[in-house]
Trainee: 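Could you have a look at this structure, given as structure tokens, before my questions?
Throughout, protein chains are lettered first and strands after them, A, B, ... in sequence-line order, and every chain is numbered starting at 1.
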Protein chains: 2
Amino acid sequence: MKKADKSEVLPQMYLEQMAEAIRVLGHGQRLQIIQQLELCGEQSVTDIVEAIAGQQGAVSQHLGKMRAAGIIAARRAGRQVYYHISSASPVTILNCLRREYSKTVTKSNPRM
Amino acid sequence: MKKADKSEVLPQMYLEQMAEAIRVLGHGQRLQIIQQLELCGEQSVTDIVEAIAGQQGAVSQHLGKMRAAGIIAARRAGRQVYYHISSASPVTILNCLRREYSKTVTKSNPRM
DNA sequence: AGTATATATCATGATATATTGATATGTCTA
DNA sequence: TAGACATATCAATATATCATGATATATACT
């Protein structure tokens with residue numbers, strides 16, 4: 001097992017920003033979108049709307065939020081806008097959680 | 001439009017639960033706590049309160065939330081309760097983001 | 001020009017989460 | 001037992017996030 005990289009403790013301000021980034025991923029439908037993009041590489045908004053059976057407006061807002069966070073990026077082709085994952089982190093994080101998830105959920109502990 | 005291979009895609013319900021788990025980490029002070037525990041291995045509530053300069057009640061609530069999510073665990077010793085990280089995911093996720101963070105932030109793209 | 005299509009944005013009510021101060025619970029020690 | 005200390009919980013309010021329906025913008029086509 002690899003020894004944790006004890007690189008310095010990050011100052012609270014950075015953690016705040018990281019927390020913000022994490023929160024962007026903390027939404028079921030947004031994870032669905034990430035999964036979809038992971039699977040198909042690139043998809044138009046309409047593709048995504050269909051794939052995850054969402055509402056157009058809502059999906060567009062999710063895409064906007066994730067784009068603002070740098071998680072995904074877009075390219076316009078005619079009237080469609082194609083999105084793709086632009087950062088490794090969501091995939092890494094999802095994989096990490098998929099792994100955690102497959103384990104039996106560890107119970108917490110006795111009441112105190 | 002590409003047809004999604006549904007077998008590899010996690011069902012929305014799981015994603016919803018994952019999103020919930022992710023959201024627990026999406027909070028600056030909670031990341032501070034994780035970092036502190038990562039650094040010190042085990043700490044009492046008071047230790048943590050001091051280390052991150054938080055309010056006792058708030059810190060206790062954060063700890064409770066993270067414990068409920070299985071991220072950390074606790075052990076009582078006398079009147080203190082010592083917490084430690086009990087799941088790899090927060091560390092993995094934090095490292096992942098630390099890595100992302102060190103890169104120059106990629107700008108998104110033109111207005112559409 | 002006008003119409004259809006794709007996407008983005010806005011306004012808002014509903015819900016969730018955070019923050020704070022106060023108090024309750026549990027545990028030790030004199 | 002009382003009193004101090006450590007932790008947890010509660011209640012009230014503030015703030016953030018979501019979902020929805022409506023509308024705006026951008027592009028293509030005729």
Trainee: More than 12 non-hydrogen atoms from neighbouring residues, nucleotides or ligands closer than 6.0 Å to CD on Q12(A), yes or no?
Mentor: no
Trainee: Counting only side-chain nitrogens and oxygens, does K65(B) get under 4.0 Å of the OP1 or OP2 atom of dA18(C)?
Mentor: yes
Trainee: Do any of residues 22-31 of chain A sit with a heavy atom less than 4.0 Å from DNA chain D, and if so which?
Mentor: R23(A), H27(A), R30(A)
Trainee: Using whole Å, what does the distance between atom C1' of nucleotide dT20(D) and atom CD of Q56(A) come to?
Mentor: 12 Å
Trainee: How is Y82(B) classified with respect to the nucleic acid when contacts are heavy atoms under 4.0 Å: base, sugar-phosphate, or nothing?
Mentor: nothing
Trainee: Counting distance only, does the side-chain N/O of Q35(A) pair as donor-acceptor with the main-chain N or O of L10(B) below 3.5 Å?
Mentor: yes
Trainee: Could you check whether any side-chain N or O of R23(B) sits under 3.5 Å from a backbone N or O of L25(B), counting only pairs where one atom can act as donor and the other as acceptor?
Mentor: no
Trainee: Check the distance between dT7(D)'s C1' and I72(B)'s CD1 and give it to me in whole angstrom.
Mentor: 13 Å
Trainee: At under 4.0 Å, does any side-chain N or O of Y83(A) touch on OP1 or OP2 of dA6(C)?
Mentor: no
Trainee: If we ignore hydrogens and angles and just use 3.5 Å, is the side chain of R67(A) paired with the main-chain N or O of A69(A) as donor and acceptor?
Mentor: no
Trainee: Which nucleotides of nucleotides 1-6 of chain D have their base under 4.0 Å from a protein heavy atom (B), which only their sugar-phosphate (S), and which neither (-), written as one string 5' to 3'?
Mentor: ---BBS
Trainee: Check the distance between dT9(D)'s C1' and Q55(B)'s CD and give it to me in whole angstrom.
Mentor: 14 Å
Trainee: Using a heavy-atom cut-off of under 4.0 Å over every strand shown, decide if G64(A) touches base, sugar-phosphate, or nothing.
Mentor: nothing
Trainee: Starting at atom CD1 of I52(B), determine the distance to atom P of dT19(C), rounded to an integer number of angstrom.
Mentor: 11 Å
Trainee: Take the protein atom CZ of R67(B) and the nucleotide atom P of dT9(D), then report the distance between them rounded to whole Å.
Mentor: 8 Å
Trainee: Mind calculating the distance between CD (Q61(B)) and C1' (dA18(C)) to the nearest angstrom?
Mentor: 9 Å
Trainee: Which comes earlier along DNA chain D counting from the 5' end, the contact point of E20(A) or that of G78(A), where each point is its nearest nucleotide?
Mentor: E20(A)
Trainee: Indicate yes or no for a side-chain donor-acceptor contact from S86(B) to the backbone of I71(B) under 3.5 Å, with no hydrogens or angles considered.
Mentor: yes
Trainee: Without swapping roles, check the side chain of S89(A) against the backbone of C96(B) for a donor-acceptor pair under 3.5 Å.
Mentor: no
Trainee: Within a radius of less than 6.0 Å around CD of Q80(B), do more than 12 heavy atoms belonging to other residues, nucleotides or ligands occur?
Mentor: yes
Trainee: In this structure, how many angstroms lie between the P atom of dT7(D) and the CD1 atom of I33(B), rounded?
Mentor: 13 Å
Trainee: Listing request: all side chain to side chain donor-acceptor pair (under 3.5 Å) pairs with a residue in residues 51-62 of chain A, at least two apart in sequence or in separate chains.
Mentor: Q29(A)-H62(A), R30(A)-H62(A)
Trainee: Look at the side-chain heavy atoms of Ile, Leu, Val, Met, Phe, Trp and Tyr, link any pair under 4.5 Å apart, and say whether L97(B) and V91(B) land in one connected group.
Mentor: yes
Trainee: I need the CZ-P distance between R75(B) and dT27(C), as an integer number of Å.
Mentor: 15 Å
